[in-house]
2 protein chains.
Amino acid sequence: MSTRDSLGEFEQIVLLAMVRLGDNAYGVPIRHEIEKRTKRTISIGALYSTLDRLEAKGYASSWFSNPTAERGGRSRRYFKIEPPGLKALERSREVLEVMWKGVKLGRI
Amino acid sequence: MSTRDSLGEFEQIVLLAMVRLGDNAYGVPIRHEIEKRTKRTISIGALYSTLDRLEAKGYASSWFSNPTAERGGRSRRYFKIEPPGLKALERSREVLEVMWKGVKLGRI
DNA sequence: GCTATTTATCCTACTCTGTAGATCTAAATT
DNA sequence: AATTTAGATCTACAGAGTAGGATAAATAGC
């Protein structure tokens, strides 16, 4: 691992979507939440590989639900942010905050 | 190029350092500004390769100064953010803003 | 029961970004 | 001319971002 240990931008976005969704955080709604809020489409692959990496780093955990009674059967893989993920999110926000502090782009 | 066209986190940080420094934005002070504000060390190589990439994408421009009268001779390569860089910075900020909006990590 | 439909995740492959630090350049000082 | 100082370049690799086709599993309808 690098010495850096802060998050990439997309990792932040995915973690935040997870936080926003709470108990309903699995692949499909996570993707939907990001697309809805950021107005940009994200591919399925982009999402799942990021989720896998977040889990591998201990920033999130996942487990499978029993299938529901709705049509369409594959089990959902639910995600939850873990304490190191929370810390990393905070650090990332702080770093950008100190760099932005006082900057007004309009005046350049 | 990807379809994404927003900035990586470190790219944002470097562009913001450039903005903060105004007329004094060349390698050494850029690095110093980032280390001072974020409290993390960054390697010389990390900085220059990012600067090169930002320039290649048209987000920044650079030019060489005539050497000054100080000891230590190599010309400074000054950097300036360009309009597409400003736009990209704004977009990146907006994306993170909508994802953060209303999130309170303390309550998780 | 078999097939179509629906929901959802997995897999593979590739490009771009992040990171490191040794090396190279060139002027001013001694 | 040797040393010191400021500064940029180079090479190489690890990690994050991106894309979409393939796969899986359940229900609905016949």
Side-chain angles (χ1 to χ4, degrees), chain A residues 1-15 17 21 24-32 34-35 38 40-57 59-60 62-79 88 92 95, chain B residues 1-15 17 21 24-32 34-35 38 40-57 59-60 62-79 88 92 95:
Chain A
M1 171 134 45
S2 78
T3 62
R4 180 165 162 258
D5 116 306
S6 78
L7 301 160
E9 192 195 38
F10 192 57
E11 291 181 313
Q12 287 179 62
I13 290 172
V14 171
L15 283 177
L21 290 166
N24 196 36
Y26 65 96
V28 172
I30 290 173
R31 186 181 180 206
H32 182 241
I34 296 172
E35 293 192 328
T38 67
R40 68 186 191 206
T41 55
I42 65 168
S43 72
I44 300 173
L47 178 59
Y48 281 101
S49 49
T50 299
L51 286 168
D52 286 343
R53 286 164 188 164
L54 288 170
E55 185 166 32
K57 288 191 282 189
Y59 290 164
S62 73
W63 65 96
F64 286 89
S65 69
N66 292 325
T68 62
E70 300 161 57
R71 183 170 189 165
R74 193 160 185 179
S75 293
R76 295 171 178 170
R77 184 176 166 205
Y78 282 95
F79 290 87
S92 292
V95 163
Chain B
M1 183 158 9
S2 79
T3 62
R4 179 168 161 259
D5 114 307
S6 77
L7 301 160
E9 192 196 40
F10 192 57
E11 290 180 314
Q12 287 179 62
I13 290 171
V14 171
L15 282 177
L21 290 166
N24 197 37
Y26 66 95
V28 172
I30 291 173
R31 185 181 179 205
H32 182 241
I34 296 172
E35 294 191 329
T38 68
R40 69 186 191 207
T41 55
I42 65 168
S43 72
I44 300 173
L47 177 59
Y48 281 100
S49 49
T50 299
L51 286 168
D52 287 342
R53 286 164 189 163
L54 288 170
E55 184 166 32
K57 289 192 282 189
Y59 290 164
S62 73
W63 65 97
F64 287 89
S65 69
N66 292 325
T68 62
E70 301 162 58
R71 185 168 187 163
R74 195 159 182 177
S75 293
R76 295 172 177 168
R77 183 175 166 204
Y78 282 95
F79 291 87
S92 293
V95 163

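For the numbers below, each heavy atom of this structure counts, side chains included, while hydrogens, waters and symmetry mates do not. Quick note on labels: first sequence line is chain A, next is B, and so on, each numbered from 1.
Residues satisfying the ring pair (Phe, Tyr, Trp, His ring centres under 6.0 Å) test with B/F79, not counting sequence neighbours, are none.
For the pair A/G45 and B/P29, both in contact range of DNA chain D, the more 5′-proximal nearest nucleotide belongs to B/P29. With DNA chain D read from its 5' end, the first of the two nearest nucleotides for A/R74 and A/L47 is the one closest to A/L47.
Rounded to an integer number of Å, the gap from A/R77 CZ to D/dA24 P is 16 Å. When the P atom of D/dG17 is taken as reference, atom CD1 of A/I44 falls 18 Å away, rounded to whole Å. At whole-Å resolution of the value, CZ in A/F10 and C1' in C/dG18 are 18 Å apart. Atom pair B/L51:CG and C/dA20:P shows a separation of 15 Å (rounding to whole Å applied). Taking atom CG on B/L7 and atom C1' on C/dC16, their separation rounds to 13 Å, with Å as the unit. Rounded to an integer number of Å, the gap from B/Q12 CD to C/dT17 P is 12 Å. Summarising the geometry, the separation between CZ on A/F64 and C1' on C/dC10 is reported as 9 Å, rounded to the nearest angstrom. Note: CZ (B/R53) to C1' (D/dT9) measures 14 Å, nearest angstrom.
No N or O donor and acceptor, one from the side chain of A/R76 and one from the base of C/dT7, sit under 3.5 Å apart.
Of the candidate nucleotides C/dA8, D/dG20, C/dT17, C/dT17 has the atom nearest to the side chain of B/E11. In this structure, the nucleotide among C/dG21, C/dC10, C/dT17 sitting nearest to the side chain of B/S43 is C/dG21.
Among the heavy atoms of the strands lying under 4.0 Å from A/G27 are primed sugar atoms or P, OP1, OP2 only; no base atom is included. Residue contacts for A/S75: at a heavy-atom cut-off of 4.0 Å it reaches the sugar-phosphate backbone alone, with no base atom in range. At the heavy-atom level, A/Y78 lies nowhere under 4.0 Å from the strands shown.
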Would you please test B/R77 and B/Y26 for side chain to side chain contact (heavy atoms under 4.5 Å, CB included) and show each step? CA-CA 6 Å; B/R77 183 175 166 204; B/Y26 66 95; 5.6 Å; no
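Distances shorter than 4.0 Å separate none of the side-chain N or O atoms of B/K57 from OP1 or OP2 on C/dC16. Contact annotation: A/R31 side-chain N/O to C/dA8 OP1/OP2 distance is not under 4.0 Å.
Once rounded to the nearest 0.5 Å, the distance linking CZ of B/R31 with CG of B/L51 reads 12.0 Å.
With contacts defined as side-chain heavy-atom distances shorter than 4.5 Å, the pair A/V95/B/R40 qualifies.
Counting only N and O atoms by type, the side chains of B/E55 and B/S62 include a donor and acceptor under 3.5 Å apart.
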